[in-house]
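Numbers here simply count residues along the sequence, with the first being 1. Nothing here was measured: the structure is a model prediction, and the numbers come from that model.
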Amino acid sequence: MKKEIQPFEYAKEITSAIGHGILVTTKNGDRVNTMTIGWGTLGVMWSLPMFMIYIREGRFTREQLDASGEFTVNIPWGSQSAKKITAYCGSRSGRDFDKIKDMGLTLVESDLVGAPGIAELPLTLECKVLYRQLLDKNAVPEDIRKTMYPENVDSSNPMANRDYHVAYFGKILKAYIIE
């Protein structure tokens, strides 16, 4: 069962969860992947409700997003803790691991996008990518560039590496809490 919500009425809960890790889930064909993100933005663009995610160029999730153009944002809600889930899903690649199976996550079919929600992180945003843009490395301040995008660290490092982020602007089509 899903309790439909207005995402901006839950803005505090959504934005405070971002820094602790939330999941972005994608589906391309039969392949479902989820990835922990620590950067995201809830806002309005073109008079539309949006959730912006930032995914490094070399990530499997980027390949999934570019192919499908849809994703869900999965956020812990209530007393549920997701630290173990977000730690695992943030340290392994969907190219090499079936993180859904490994963590025993419960997929819940979305109403408007192909990517499912995750019952264990029940506050769900269904999003369709309207725009994407690779960050311009020359526009990133030098101190951030050195810290977040060190040139001598290859793409396999799950945290800071030389791959820049692609910003995905996802129109929020539907928001709910999986009950």
Side-chain angles (χ1 to χ4, degrees), residues 2 4-75 86 89-90 93-95 99 107-118 121 123-142 144-145 147-149 155 157-177:
K2 299 173 187 172
E4 195 162 346
I5 62 169
Q6 295 300 318
F8 293 105
E9 291 177 9
Y10 290 77
K12 181 178 178 183
E13 292 84 356
I14 293 169
T15 56
S16 64
I18 294 168
H20 301 288
I22 60 177
L23 297 182
V24 168
T25 304
T26 57
K27 182 177 181 183
N28 183 30
D30 292 336
R31 189 107 184 245
V32 175
N33 182 57
T34 194
M35 173 184 166
T36 301
I37 63 169
W39 298 355
T41 306
L42 175 68
V44 177
M45 181 79 171
W46 304 309
S47 300
L48 300 170
M50 302 285 250
F51 196 88
M52 282 72 73
I53 59 174
Y54 310 93
I55 308 295
R56 287 188 188 271
E57 294 174 271
R59 297 286 182 250
F60 179 64
T61 298
R62 179 184 182 215
E63 294 173 25
Q64 295 276 96
L65 274 169
D66 288 349
S68 72
E70 302 174 335
F71 62 93
T72 59
V73 179
N74 316 111
I75 302 160
T86 57
C89 294
S93 172
R95 278 190 193 95
K99 295 180 270 185
L107 299 180
V108 176
E109 188 174 334
S110 290
D111 295 335
L112 301 173
V113 299
I118 297 177
L121 290 91
L123 201 162
T124 305
L125 308 176
E126 295 186 18
C127 301
K128 178 175 180 50
V129 176
L130 295 186
Y131 179 76
R132 66 177 175 247
Q133 178 69 51
L134 177 64
L135 296 183
D136 177 355
K137 70 179 186 176
N138 296 316
V140 176
E142 185 177 353
I144 293 173
R145 214 171 36 241
T147 303
M148 297 293 173
Y149 306 101
S155 303
N157 186 9
M159 299 303 175
N161 67 55
R162 64 180 169 227
D163 287 354
Y164 280 79
H165 287 85
V166 177
Y168 290 87
F169 292 65
K171 177 183 176 186
I172 300 171
L173 303 176
K174 192 165 191 177
Y176 48 84
I177 297 172

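In this structure, the separation between CG on D111 and NZ on K174 is 3.5 Å, given to the nearest 0.5 Å. Atom CE of residue M52 and atom CD1 of residue I37 lie 11.0 Å apart, to the nearest 0.5 angstrom. To the nearest 0.5 angstrom, L65 atom CG is 5.0 Å from Y168 atom OH. How far CG of L121 is from SG of C89: 8.5 Å, rounded to the nearest 0.5 Å. The distance from atom CD of E57 to atom CZ of R162, rounded to the nearest 0.5 Å, is 10.5 Å. Note: N74 CG to T36 OG1 = 10.0 Å, rounded to the nearest 0.5 Å.
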Enumerate donor-acceptor pairs with a distance under 3.5 Å from any side-chain N or O in residues 38-46 to protein atoms, sequence neighbours excluded.
unit_1, atom_1, unit_2, atom_2, d
T41, OG1, Y54, OH, 3.0

Can you list, pair by pair, the side-chain donor-acceptor contacts under 3.5 Å of residues 15-24, counting residues two or more places apart and other chains?
unit_1, atom_1, unit_2, atom_2, d
T15, OG1, A11, O, 2.7
T15, OG1, K12, O, 3.4
S16, OG, K12, O, 2.9
S16, OG, E13, O, 3.3

Under 3.5 Å, sequence neighbours excluded: what are the donor-acceptor pairs made by side chains of residues 132-141?
unit_1, atom_1, unit_2, atom_2, d
Q133, OE1, Y131, OH, 2.7
D136, OD1, N138, N, 2.9

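Residues satisfying the side-chain contact (heavy atoms from CB on, under 4.5 Å) test with K128, not counting sequence neighbours, are L173. Evaluation of the side-chain hydrogen bond (donor to acceptor under 3.5 Å, both in side chains) rule for Q6 yields no partner, not counting sequence neighbours. Judged as a side-chain contact (heavy atoms from CB on, under 4.5 Å), and not counting sequence neighbours, the contacts of V32 are T25, K27, I100, L107, P116. For E109, there are no salt bridge (Lys or Arg N to Asp or Glu O under 4.0 Å) partners at least two apart in sequence or on another chain. F60 is linked by a ring-ring contact (aromatic ring centres under 6.0 Å, His included) to nothing, counting only residues two or more places apart in sequence or in another chain. Not counting sequence neighbours, the partners of P49 by the side-chain contact (heavy atoms from CB on, under 4.5 Å) test are F8, I172. Listed by chain and residue number, nothing satisfies the side-chain hydrogen bond (donor to acceptor under 3.5 Å, both in side chains) test with Y10 (two or more places apart in sequence, or in another chain). Not a single side-chain hydrogen bond (donor to acceptor under 3.5 Å, both in side chains) links S93 to another residue, sequence neighbours left out. Legend: residues meeting side-chain contact (heavy atoms from CB on, under 4.5 Å) with S110, ordered by chain and number and at least two apart, are T72, V113, E126, Y176.
Of all non-hydrogen atoms in V73 and C127, the two that sit nearest each other are CG2-SG, 4.4 Å. Contact record, R56 with D163: NH1-O, 2.6 Å, taken as the closest heavy-atom pair. Here the closest non-hydrogen pair linking E63 and R95 is OE2-NH2, 2.5 Å. Contact detail for F51 and F71: the closest heavy-atom pair is O-CZ, 3.8 Å. Closest heavy-atom contact between A175 and L125: CB-CD2, 3.6 Å. The minimum heavy-atom distance between M50 and L130, with the atom names listed, is CE-CD1, 4.1 Å.
Atom NZ of K2 sits in a crowded spot, with more than 12 heavy atoms from other residues, nucleotides or ligands closer than 6.0 Å.
The backbone N or O of G94 sits less than 3.5 Å from a side-chain atom of R31, completing a donor-acceptor pair.
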